[in-house]
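One structure below.
Basis for what follows: all heavy atoms, side chains included, without hydrogens, waters or symmetry-related copies. By convention here, the first residue in the shown sequence is residue 1.
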Amino acid sequence: MEIETPSDINANVANVANVESDSELSGAEQIKYEENGNVAESSLTEARLHAKAKRRLRKNSSRDSGRGDSVSDNGESARGVLPTSPKAKLMDRKSRTGKGRGLPKKGGAGGKGVWGTPGQIYDEEVVDIKDPNYDEDQESCVYETTVLPLDEKSFEKSVTPIVQEYFEHGDANEVAEMLKGLNLGEMKCGLPVLAVSLALEGKASHREMTSKLLSHLCGTLLSTEDVERSFDKLLQEMPELVLDTPQAPQLVGQFIARAVGDEILSATYLDGYRGTVDCVHARAALDRAAVLLRITKGGRRRIDSVWGTGGGQLPVNKLVKEIDLLLKEFVLSGDVVEAERCLQELEVPHFHHELVYEAVLMVLEANGNNTYKMMLSLLEALLKSGAITLDQMKRGYDRIYQEIPDINLDVPKAYSVLERFVEDCFKAGIISKQIRDLCPCRGRKRFVSEGDGGRLKSESY
């Protein structure tokens with residue numbers, strides 16, 4: 001511990017005296033400076049406290065307005081849920097975008113460009129008579145949807161898909177409903193022209209469906225005059241139709257004859273063209289129609305079958321008769337190409353197993369080898385050309401295998417003939433090994449008398 005000497009004490013006293021003298025010299029200035037600093041600091045502190053209190057009050061009011069809590073004077077919640085608790089954050093409905101007035105959301109209702117709350121029913125709008133824009137004619141005004149009539153380009157673009165879909169489903173009522181939604185206007189007469197033009201490029205079943213469609217539409221959507229104008233236009237466009245379809249004159253003539261038979265064309269339609277037609281193709285079409293009508297003599301039987309018999313819409317018994325007639329004609333003529341053409345015209349690829357069944361049945365019932373060889377060559381040719389698929393071939397043989405016990409009652413040698421025919425078909429590549437192995441055979445073998453040494457008969461049943 002240091003000990004101060006008298007000299008040190010005197011020096012300290014002198015320094016203190018000097019400091020006091022200096023403070024006494026500037027005392028007035030120092031008092032003035034301290035007063036100004038305290039005023040500025042107190043005002044700044046007071047402003048900060050005031051702003052902090054406003055922020056706290058705004059924060060508490062926005063939280064409590066969403067859940068109905070009240071805040072006491074000391075800032076505590078009446079329900080005991082702290083503003084910073086997780087529950088309070090979940091119940092907070094304040095916008096997070098930083099925009100808005102801090103009020104709760106509307107629950108998805110109201111606002112610009114929205115329909116309102118689900119289930120909200122709006123009242124009917126009542127016309128205000130005192131409205132400056134009120135018009136007396138406004139009450140008796142009727143609003144309807146106007147469909148502009150189709151021009152030639154839009155008509156073809158709109159109607160062509162409808163006709164093509166009709167060839168797939170065959171429902172004339174659906175076509176009529178779709179056409180009613182279009183304002184055909186003056187293009188009504190173009191509907192039969194377009195339908196016949198598309199049918200000329202299609203199959204016989206499409207032409208039959210087109211004839212039925214024209215008969216269905218006449219009287220509801222088309223008039224007799226529209227149909228006559230349509231066939232007049234077809235005869236005028238005959239040179240152009242021949243370029244795409246060389247058989248157009250004969251086909252159009254059949255359409256005219258069918259229309260007369262369906263009574264959508266007058267019986268005197270052909271009389272108006274006698275001696276007035278210069279086009280060779282149009283004259284050929286009219287001659288074809290006149291010949292068909294002369295043969296039928298006003299009857300409906302041949303006119304209904306003017307497009308032949310075929311298509312999946314025919315009854316099964318008719319298809320069976322057509323296939324049976326086809327095979328009998330082939331046995332007489334031996335023309336494989338003609339038989340294939342007749343089979344394709346039936347347009348029933350799902351029913352080709354009936355031809356296989358009938359062909360094998362004819363082989364089992366035949367007496368000579370001529371039918372045996374011809375049916376073998378026919379099945380081989382049809383399979384190679386793709387007219388009959390292997391699946392249809394298998395289904396036909398499966399039907400024979402199932403019915404061979406009943407067939408054997410009428411044809412005693414059916415089992416042996418079937419085994420031989422199936423083996424020859426397998427060698428010719430008509431059927432697969434699986435189909436050949438499924439061929440049934442008689443399980444019991446017959447022996448001759450005891451004197452032959454137990455040898456089997458050369459012909460087993």
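Residues Leu383 and Met393 have side chains in contact (heavy-atom distance under 4.5 Å, counting atoms from C-beta outward). In this structure, the side chains of Glu237 and Val193 come closer than 4.5 Å at one or more pairs of heavy atoms. Side-chain atoms of Leu438 and Tyr397, non-hydrogen and from C-beta on, never get closer than 4.5 Å to each other. The side-chain heavy atoms of Asp232 and Tyr273, taken from C-beta on, include a pair separated by under 4.5 Å. Contact of the Glu365 side chain with the Leu361 side chain is registered, since non-hydrogen atoms from C-beta on lie closer than 4.5 Å. Using a 4.5 Å heavy-atom threshold, the side chains of Thr224 and Ser266 count as separate. Looking at heavy atoms from C-beta onward, Ser385 lies in side-chain contact with Glu340 at the 4.5 angstrom threshold. Inter-residue side-chain proximity for Val348 and His350 is flagged as met; some heavy-atom pair is nearer than 4.5 Å.
Defined by atom type and a distance below 3.5 Å, a donor-acceptor pair is present between the side-chain atoms of Glu403 and Tyr357. Checking Glu338 against Ser333 by side-chain atom types alone, no donor-acceptor pair falls below 3.5 Å.
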**Request:** Output, in order, the C-alpha distance, side-chain angles, deciding distance and verdict of side chain to side chain contact (heavy atoms under 4.5 Å, CB included) for Glu152 and Glu156.
**Result:** CA-CA 6 Å; Glu152 185 175 358; Glu156 184 176 356; 5.6 Å; no

**Request:** Go through the steps to decide whether Asp226 and Leu191 satisfy the test side chain to side chain contact (heavy atoms under 4.5 Å, CB included), and finish with yes or no.
**Result:** CA-CA 9 Å; Asp226 294 332; Leu191 177 60; over 6 Å; no

**Residues Arg258, Glu208; criterion side chain to side chain contact (heavy atoms under 4.5 Å, CB included); working and verdict** = CA-CA 9 Å; Arg258 177 65 181 270; Glu208 175 66 22; 2.9 Å; yes

**Request:** Any chance you could lay out the side chain to side chain contact (heavy atoms under 4.5 Å, CB included) test for Tyr166 and His206, step after step, and finish with the verdict?
**Result:** CA-CA 9 Å; Tyr166 168 70; His206 295 168; over 6 Å; no

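Not one N or O on the side chain of Asp262 forms a donor-acceptor pair closer than 3.5 Å with the backbone of Ile264. Of the possible polar contacts, one joining the Arg207 side chain to the Gly202 backbone as a donor-acceptor pair under 3.5 Å is found. Within the 3.5 Å criterion, the main-chain N or O of Leu150 finds no donor-acceptor partner in the side chain of Ser154. One N or O on the side chain of Ser230 and one on the backbone of Cys189 form a donor-acceptor pair closer than 3.5 Å. Of the possible polar contacts, none joining the Thr160 side chain to the Lys157 backbone as a donor-acceptor pair under 3.5 Å is found.
The CG atom of Asn183 lies 12.0 Å from the CG atom of Leu179; values are rounded to the nearest 0.5 Å. Of the inter-residue distances, the one linking Glu201 atom CD with Leu241 atom CG reads 9.0 Å to the nearest 0.5 angstrom. Atom CG of Asp128 sits about 9.5 Å away from atom OH of Tyr134, to the nearest 0.5 Å. Taken to the nearest 0.5 Å, the NE2 atom of His353 stands 10.0 Å off from the OG1 atom of Thr389. Here the CG-CG distance, from Leu234 to Leu200, works out to 7.5 Å after rounding to the nearest 0.5 Å. With rounding to the nearest 0.5 angstrom, the CD atom of Glu322 is 12.5 Å from the CD atom of Glu354.
The environment of CD in Gln344 is crowded: more than 12 heavy-atom neighbours from other residues, nucleotides or ligands sit within 6.0 Å. Atom CG of Leu243 has more than 12 heavy atoms from other residues, nucleotides or ligands within 6.0 Å. Heavy atoms from other residues, nucleotides or ligands lying under 6.0 Å from CD of Gln164 number more than 12.
For the pair Arg283 and Val277, the tightest heavy-atom approach, listed with the atom from each and the gap, is NH2-O, 3.0 Å. Closest heavy-atom contact between Pro349 and Gln392: O-CD, 3.6 Å. The two atoms that bring Met374 and Ser377 nearest to each other are O-OG, 2.7 Å, heavy atoms only. Here the closest non-hydrogen pair linking Pro239 and Cys279 is CG-SG, 3.8 Å. Residue Gly170 comes nearest to Met209 through the heavy atom pair CA-CE, 3.4 Å, listed as atom of the first residue, atom of the second, then distance. Looking at every heavy atom in both residues, Val417 comes nearest to Leu364 through CG1-CD2, 3.8 Å.
Electrostatic pairing of Lys433 and Asp437 counts as a salt bridge here, judged by a charged N lying under 4.0 Å from a carboxylate O. A salt bridge links Arg341 with Glu345: the closest approach of a Lys/Arg side-chain nitrogen to an acidic carboxylate oxygen falls below 4.0 angstrom.
Residues passing the side chain to side chain donor-acceptor pair (under 3.5 Å) test with Asp271, sequence neighbours excluded: Arg274.
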Under 3.5 Å, side-chain donor or acceptor atoms of residues 323-332 against the rest of the protein: list the pairs with distances, not counting sequence neighbours.
{"from": "Asp324", "atom 1": "OD2", "to": "Lys328", "atom 2": "NZ", "distance (Å)": "3.2"}

Please tabulate, one pair per line, all N/O donor-acceptor pairs under 3.5 Å involving side-chain atoms of residues 421-432, not counting sequence neighbours.
{"from": "Asp424", "atom 1": "OD2", "to": "Tyr372", "atom 2": "OH", "distance (Å)": "2.4"}

